[in-house]
Amino acid sequence: MQPVFHPLPARIAEHYRRGGADAYGLSPEPRVVTGGGVPCRATLRPLPEGAPYLIVAHRPFEGLNPYTETGPIFLSAEPGAMAEPTEALPPFLTSAAYILRGYSADERILYGTGSVVPTPGIIDAAARLLERPEVAFLHIRSASNNCFHCRVERG
């Protein structure tokens, strides 16, 4: 099963870029990259030094239930800056390891699917999880802060 890594949907990225309210009803916080390494959820790339970006509280789910976590994400403030879904490991995954977690079609965590995976092993681990019929999609999250990075689906 080939995993496909998905950026933040373009409609959501553009909503935030136009100043639309985040999951907490707040306006996006504008920032400029200093020190590099800001992982953009729209481009799936680290943003370069001096690039404008936004911080928003994002809930990467369609519905609401006790498992629909909300947290901070970063995205390029540049209009239209987007990645396409890809089978390649996104370049913004630069940490040594990430949490990989499976969810059901009703957006609930599937216990026993979550683990901290070394970055070079993410594609293989995601492929194994996506072979399970009860797994509808996966999230890649920060292993240190639990921040949402991207959604993974079957190719």
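Not measured: the values here are computed from a predicted model.
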Take atom [atom1] in [X]; do more than 12 heavy atoms of anything else shown fall under 6.0 Å from it?
{"X": "Glu84", "atom1": "CD", "value": "no"}
{"X": "Arg45", "atom1": "CZ", "value": "no"}
{"X": "Gln2", "atom1": "CD", "value": "yes"}

*Go through the steps to decide whether Ile99 and Ile140 satisfy the test side-chain contact (heavy atoms from CB on, under 4.5 Å), and finish with yes or no.*
CA-CA 6 Å; Ile99 294 170; Ile140 294 177; over 6 Å; no
If we only count heavy atoms from C-beta on, is the [X] to [Y] side-chain gap below 4.5 Å?
{"X": "Leu44", "Y": "Cys150", "answer": "yes"}
{"X": "Glu134", "Y": "Thr113", "answer": "no"}
{"X": "Pro72", "Y": "Cys147", "answer": "yes"}
{"X": "Tyr53", "Y": "Val32", "answer": "no"}
{"X": "Tyr67", "Y": "Glu107", "answer": "no"}
{"X": "Arg31", "Y": "Ile55", "answer": "yes"}
{"X": "Arg141", "Y": "Glu69", "answer": "yes"}
{"X": "Leu75", "Y": "Val56", "answer": "yes"}

*How about Phe61 and Tyr103: are their ring centroids closer than 6.0 Å?*
yes
Distance-only, no hydrogens or angles: does the [X] side chain make a donor-acceptor pair with backbone N or O of [Y] under 3.5 Å?
{"X": "Arg154", "Y": "Leu130", "value": "yes"}
{"X": "Thr119", "Y": "Ala96", "value": "yes"}
{"X": "Glu14", "Y": "Gly80", "value": "yes"}
{"X": "Ser27", "Y": "Ala21", "value": "no"}

If you round to the nearest 0.5 Å, how far is [atom2] of [Y] from [atom1] of [X]?
{"X": "Leu93", "Y": "Ile123", "atom1": "CG", "atom2": "CD1", "answer": "9.5 Å"}
{"X": "Arg17", "Y": "Glu78", "atom1": "CZ", "atom2": "CD", "answer": "8.0 Å"}
{"X": "Tyr98", "Y": "Ser144", "atom1": "OH", "atom2": "OG", "answer": "8.5 Å"}
{"X": "Phe92", "Y": "Arg41", "atom1": "CZ", "atom2": "CZ", "answer": "6.0 Å"}
{"X": "His149", "Y": "Phe74", "atom1": "NE2", "atom2": "CZ", "answer": "8.5 Å"}
{"X": "Met82", "Y": "Thr43", "atom1": "CE", "atom2": "OG1", "answer": "8.5 Å"}

*asked:* Grouping I, L, V, M, F, W and Y whenever their side-chain heavy atoms are under 4.5 Å apart, do Val117 and Val4 come out in a common cluster?
replied: no
*Out of curiosity, does Ile122 fall in the hydrophobic cluster containing Leu129 (side-chain heavy atoms, cut-off under 4.5 Å, transitive links)?*
yes
Between [X] and [Y], what is the shortest heavy-atom contact and its length?
{"X": "Pro7", "Y": "Phe5", "result": "CD-O, 4.0 Å"}
{"X": "Ala57", "Y": "Asp22", "result": "N-OD2, 2.9 Å"}
{"X": "Pro46", "Y": "Gly37", "result": "CB-CA, 4.3 Å"}
{"X": "His139", "Y": "Pro60", "result": "CE1-CG, 3.6 Å"}
{"X": "Leu100", "Y": "Ala126", "result": "CD2-N, 3.5 Å"}
{"X": "Leu138", "Y": "Gly102", "result": "CD2-CA, 3.6 Å"}

*Evaluate the side-chain contact (heavy atoms from CB on, under 4.5 Å) criterion for residues Arg101 and Asn146: first the C-alpha distance (whole Å), next the side-chain angles of each, then the deciding distance (0.1 Å), finally the verdict.*
CA-CA 11 Å; Arg101 183 183 303 144; Asn146 196 37; 3.4 Å; yes
*asked:* Do Arg151 and Phe137 form a cation-pi contact, if we require the NZ or CZ to be under 6.0 Å from the six-membered ring centre and within 45 degrees of the ring's axis?
replied: yes
